[in-house]
S.K.: 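To start, I am sharing the structure in question, which I have written as structure tokens.
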Amino acid sequence: MNLVDILKVLSDGNFHSGEELGKALGVSRTAVWKHLHKLDELGLELVSVKGRGYCLEGGLDLLDEAVITASLGDESRGLIQNLDVFTDIDSTNRYLVENGLGGDVCLAEQQTKGRGRRGRDWVSPFARSIYFSTAWVFSGGAQSLEGLSLAVGLKVADALAGLGCRDLQLKWPNDILSNGSKLAGILLEMSGDVSGECKVVLGVGINVDIPERIGQSIDQQWIDLKSMGFAGTRNDVAIALINKLLPLLSTYSDTGFKPYRQAWESLDAFRGKEVYLSSVNNRVDGRAAGVSDTGALLLETDEGIRQYSGGELSLRLRS
Ligand code: BTN
């Protein structure tokens, strides 16, 4: 028996006695009890009531590899090579950067060292968000990947819109916002030959149902799918992501960003707004003027329209 077996039983949010858990899992009550202690480490609050047993209040929305695999569309079924669903991992991106081959997909219930853009951490509580990564190999070098992270943002927004989410916007280069707050983030990590064959690991984090207590440690304004009225499951989100992202990756070196530009601009949260773009030691003020055919940010500055690209930049509203 492993921890996930107990979690599956408790995921219904009902009370289960130690004896019942032991019977269902084919182990002694002592073994059950030892496992229950580990729930603490996952940040899960187990309620224990004498005479009734144990319960995880509100239940758990767990990922299910079999459900995900069975529900993939024909196109992504032909593109996916391997699907790993981890109960606990440091980072799904790190895992695929080190081990992933083209077409591999990795999901996790929790990340202990989730990576964000610009060296930040990505808060990754157990079973409360989507932690998704996929690897793809491109032969045309870094240049053929221009704009990819924006196209990914657009496809993530498409996937969520398909699940009924409304009022989604994109913030250059690749944040997904709703009501001005961050709903999802994207991290692309590239390795290999910048002018030849390179591997891209694309990571997506989507807030699904972040507990208030944990939300306090997120250092920017955030929103989650639950507060937007989403009533589906994390499996639904994972399936929609795979179905949108693998076809994008498989065709991107032929299409580039151009065919996605208009759709991206229609969701641009900052279009026409007074903004500033900052890097570690530089700041440019201007008015956001959309994006180029390669996904570069267009800024109207005192010196005319300027184009900016690169992963270490951050765009903010001027107040
Ligand atoms: C950002 O800072 O906006 C990017 C966040 C990306 C988080 C995701 S969660 C799955 C994948 N694994 C990681 O360690 N990071 C990405």
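Both ligands and their constituent atoms are indexed starting at 1 by order of listing.
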S.K.: For residues 150-162, which residue pairs qualify under salt bridge (charged side-chain N to carboxylate O under 4.0 Å, His left out), counting only residues two or more places apart or in two chains?
M.R.: Lys155-Asp158
S.K.: Sequence neighbours excluded and cut-off under 3.5 Å, please list the side-chain donor-acceptor pairs for residues 166-173, or say none.
M.R.:
from	atom 1	to	atom 2	distance (Å)
Gln169	NE2	Asp167	O	3.3
Lys171	NZ	Leu315	O	2.7
Trp172	NE1	Gly295	O	3.0

S.K.: Are Val156 and Val105 co-members of a hydrophobic cluster defined by side-chain heavy atoms under 4.5 Å apart?
M.R.: yes
S.K.: Can you tell me which residues line ligand 1 if we count any heavy atom under 4.0 angstrom from one of its atoms, in chain and number order?
M.R.: Ser91, Thr92, Asn93, Gln111, Gly114, Arg115, Gly116, Arg117, Trp122, Tyr131, Phe132, Ser133, Asp175, Lys182, Gly185, Ile186, Leu187, Gly203, Val204, Gly205
S.K.: Can you sort out the partners of Arg29 under salt bridge (charged side-chain N to carboxylate O under 4.0 Å, His left out), two or more places apart, ordered by chain and number?
M.R.: none
S.K.: Just so I know, are the side chains of Leu248 and Val152 near enough to count as touching, which here means a heavy-atom distance under 4.5 Å?
M.R.: yes
S.K.: Once you measure the plane-to-plane angle for Trp33 and His37, does it fall in the parallel (<30°), tilted (30-60°) or perpendicular (>60°) bin?
M.R.: perpendicular
